[in-house]
J.: 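Next up is a structure, given as structure tokens.
For the numbers below, each heavy atom of this structure counts, side chains included, while hydrogens, waters and symmetry mates do not. FYI, the numbering just counts along the sequence from 1.
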Amino acid sequence: MGGVASKAGRKLPKRTEAPSWAGVRTPHPSDPPPENPPRDRRASERRTQEIERDAHDPHFLANLNRLGPVRVDHHMERIRPSTAAAAKDISQLFKSRLESEHEASSTSPVHNRLHAVALSYLLDERKSACSTQDIERLAKRYDIDASKLENLARYVSTPSVQRGSEKRTVEKDGQEDVTIQAVWIDPQLQE
């Protein structure tokens, strides 16, 4: 990063003429107003031929004709959830947030709840288990049910690398890329 080679590729083009806004400034409130303010010729209080010409967009008109007129159902009623159901949902939301905040501020671990780092360590240690008793001891140490751990491990794992799958390629500019194949590892349990 910051090498000379990367800076050479970032040269900006040189301007030959000043931008259109150069030298323009916002008028100060004490400055007198300009004598003849520039007017946009396209804006007008009446529809001029130029405005009519601008309004005729053949693609837009074709799309509008294809859509047809708008159909409005004036007999529709507003759909409102019952106030009891909405109040129950809001109450449940606040209750779950309060529980989550209480768990986060608590120093004692909560049964079947782990932080992401602890879950990563647990899943890594599970890969090296040799028996179901090892998995049960591991689950007990992390205060999680063994059945919950097995159910979770069916869908979630930590990254593992297949030995011998490393591929190194060197680009023309000298940059080296390393590709390693990831694999799913289940423990080799001996019953």
J.: Linking I/L/V/M/F/W/Y whenever any side-chain heavy atoms sit under 4.5 Å apart, do Tyr142 and Tyr155 land together?
T.: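 Linked within one cluster.
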J.: To the nearest 0.5 angstrom, please state how far the CD1 atom of Ile144 sits from the CG atom of Leu149.
T.: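 Answer for the CD1-CG pair, Ile144 versus Leu149, is 5.5 Å.
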J.: For the CG atom of Asp143 and the CG atom of Leu122, what is their distance to the nearest 0.5 Å?
T.: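 Asp143 CG to Leu122 CG: 11.5 Å, rounded to 0.5 Å.
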J.: Would the distance check show the side chain of Asn112 and the main-chain N or O of Asp145 forming a donor-acceptor pair, the cut-off being under 3.5 Å?
T.: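 Present.
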J.: CZ/Arg126 to CG/Leu138 distance, rounded to the nearest 0.5 angstrom?
T.: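 These two atoms lie 9.0 Å from each other.
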J.: For His111, is the NE2 atom crowded, meaning more than 12 foreign heavy atoms sit under 6.0 Å from it?
T.: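 Yes, because the 6.0 Å sphere around NE2 of His111 holds more than 12 heavy atoms from other groups.
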J.: Do Leu189 and Leu123 belong to the same hydrophobic cluster, where Ile, Leu, Val, Met, Phe, Trp and Tyr are linked whenever their side-chain heavy atoms lie under 4.5 Å apart, directly or via other members?
T.: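 Yes, same cluster.
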J.: Of the non-hydrogen atoms in Gln181 and Ser165, which two are nearest, and what is the gap between them?
T.: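 Closest pair (atom of Gln181, atom of Ser165, distance): N-OG, 3.1 Å.
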J.: Would a hydrophobic clustering, with Ile, Leu, Val, Met, Phe, Trp and Tyr connected at side-chain separations under 4.5 Å, put Ile185 with Ile180?
T.: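 No, separate clusters.
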J.: Is Glu171 atom CD crowded by more than 12 heavy atoms from other residues, nucleotides or ligands, each under 6.0 Å away?
T.: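 Yes, CD of Glu171 has more than 12 neighbouring heavy atoms, counting only those of other groups under 6.0 Å.
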J.: What pair of heavy atoms forms the shortest contact from Pro159 to Lys127, and how long is it?
T.: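 The pair with the smallest heavy-atom distance is O-NZ, 3.8 Å.
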J.: Can Glu50 and Thr48 be counted as having a side-chain donor-acceptor contact under 3.5 angstrom?
T.: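 Not at all, the side chains of Glu50 and Thr48 share no donor-acceptor pair under 3.5 Å.
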J.: Could you tell me the separation between the CG atom of Asp134 and the OG atom of Ser128, rounded to the nearest 0.5 Å?
T.: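 If I round to the nearest 0.5 Å, the distance is 8.0 Å.
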J.: In terms of hydrophobic clustering (I, L, V, M, F, W, Y; side-chain heavy atoms under 4.5 Å; direct or indirect links), are Leu114 and Val156 co-clustered?
T.: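 Yes; tracing contacts between hydrophobic side chains, which count when under 4.5 Å, links both residues.
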J.: If you compare all heavy atoms of Leu93 against all heavy atoms of Ser96, which two are closest, and at what distance to 0.1 Å?
T.: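 Leu93 and Ser96 have their closest heavy atoms at O-OG, 2.9 Å.
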J.: Counting neighbours of CD on Glu52 that are heavy atoms of other residues, nucleotides or ligands and sit closer than 6.0 Å, is the number greater than 12?
T.: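 Check passes, neighbour count above 12.
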J.: Do Val117 and Leu152 share a hydrophobic cluster, counting only Ile, Leu, Val, Met, Phe, Trp and Tyr and linking them when any side-chain heavy atoms are less than 4.5 Å apart?
T.: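 Linked within one cluster.
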J.: Do you know the tightest heavy-atom contact between Pro187 and Ala129?
T.: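 Closest approach of Pro187 to Ala129, heavy atoms only: CB-O, 3.6 Å.
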J.: Show your working on side chain to side chain contact (heavy atoms under 4.5 Å, CB included) between Asn151 and Arg154 and close with a plain yes or no.
T.: CA-CA 5 Å; Asn151 190 31; Arg154 288 174 52 201; 3.4 Å; yes
J.: Glu99 and side chain to side chain contact (heavy atoms under 4.5 Å, CB included): which single residue from His102, Arg97, Glu101, Lys95 fits?
T.: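 It is Lys95; the other options fail the test.
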J.: I'd like to know if the side chain of Asp173 and the backbone of Gln175 have a donor-acceptor N/O pair within less than 3.5 Å.
T.: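 Side chain of Asp173 to backbone of Gln175, a donor-acceptor pair under 3.5 Å: yes, one is there.
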J.: Can you tell me how far CZ of Arg137 sits from CD of Glu125, rounded to the nearest 0.5 angstrom?
T.: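 It comes to 12.5 Å.
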